[in-house]
Amino acid sequence: MKTIRFFCPATIANLSCGFDVLGLCLDKVGDEMIVHKTSQPGVRITKITGAELPMETENNVAGVAALSLLQQWKTDYGFDIEIHKRIKAGSGIGSSAASAAGAVFGINALLGSPFEAAELVKFAMQGEKLAGGSAHADNVAPALLGGITLIRSYNPLDIIRIESPVELYAAVIHPQIELKTSDSRSVLKQQVPLKSAIMQWGNVGGLVAGLYTSDYDLIGRSLQDHIVEPLRSVLIPGFHEVKNAAISNGALGAGISGAGPSVFALCKGKQSAEIAAAAMGVVLDQMDLPYETHVSAINPNGIKILSQE
Ligand code: HSE
């Protein structure tokens, strides 16, 4: 195989209670990438459409992730990477993660898949580090593994793929403002009161239990964030109104998607997610704030190959 073209999905990190540890893979919303194997060694970013991003390999999240993989797997081949962005940077639905995960996925496939999907996460995390200053895995893991993932531990890296009910849908609204992950992380505190931590880990356990047992009420009750959301919500115009609109129109729960500014809601069924997305949109319409919405099932497969030759 010399060339592979694939879809790199958007993802929702944190899922309210699981800052830096929980993430979910979306369907349909995502970038496209093409990776070519070349006889010229090294990694080159040969084309980017849909966004203004650095072309130099060392300054590009896909490039850095690719180099990290190739440090572990020496080869005489080189790789040319094309990135066609559809996920906007600073949107909160894993734009940098899609590029980083895509680069390592494509190169791994062209090398004959020496690494398992979970092993690719640590390489893709280097792209996240370049993008936002922190090597978190809660977007790249669901992009690579699909479904909902839990980073049980970062050191050593231990990723758990969590089952989720088939009727679970996500509604996402993206107010058209850019919020850099580094800015959104800079408002966080390094210490957490024990009282907040107790509520938070109760909810993480509750959410995982609810997902495994298809207990939608438990999923909804567990979508709470006592630590990060209170600090970040001030960065998102109309956040509380948008969140309340989703919940009062039938969503199980709602919160900030990743580092924001997107807001997500989890819902039982596609129709319910469409209603929640529309209700969130009404709030931003009233604020005259342009936005995009996405309604998506949970994507169980992650990155999807579109063609290979
Ligand atoms: N867990 C990360 C954060 C995700 O919330 O900062 C960023 O996409």
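Both ligands and their constituent atoms are indexed starting at 1 by order of listing.
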Could you pull out all donor-acceptor pairs under 3.5 Å where a side-chain atom in residues 249-276 meets a protein atom, sequence neighbours excluded?
from	atom 1	to	atom 2	distance (Å)
Asn249	ND2	Ala245	O	2.8
Ser257	OG	Gly92	O	2.7
Ser262	OG	Ser91	O	2.7

Show every donor-acceptor pair shorter than 3.5 Å between a side-chain atom in residues 15-25 and any protein atom, with sequence neighbours excluded, or say none if there are none.
from	atom 1	to	atom 2	distance (Å)
Asp20	OD1	Arg185	NH1	3.1
Asp20	OD2	Arg185	NH2	2.7

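Using a 3.5 Å distance cut-off with no hydrogens or angles, the side chains of His36 and Thr38 do not pair a donor with an acceptor. Side-chain contact check for Gln200 and His226: no donor-acceptor pair (N or O, by modelled atom type) lies under 3.5 Å.
For the pair Tyr77/Ser39, no side-chain contact is recorded, criterion being any heavy-atom separation below 4.5 Å from C-beta on.
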Note down each nitrogen or oxygen pair, ligand 1 side and protein side, whose separation is under 3.5 Å; give only atom names and the distance to 0.1 Å.
from	atom 1	to	atom 2	distance (Å)
ligand 1	1 (N)	Asn14	OD1	2.8
ligand 1	1 (N)	Asp20	OD1	2.5
ligand 1	1 (N)	Asp138	OD1	3.3
ligand 1	1 (N)	Asp138	OD2	2.6
ligand 1	5 (O)	Asn14	ND2	2.8
ligand 1	5 (O)	Arg232	NH1	2.8
ligand 1	5 (O)	Arg232	NH2	3.4
ligand 1	6 (O)	Arg185	NH1	2.7
ligand 1	6 (O)	Arg232	NH2	2.9
ligand 1	8 (O)	Asn139	OD1	2.9

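Every residue two or more places apart in sequence or in another chain was checked for a salt bridge (charged side-chain N to carboxylate O under 4.0 Å, His left out) with Lys122, and none qualifies.
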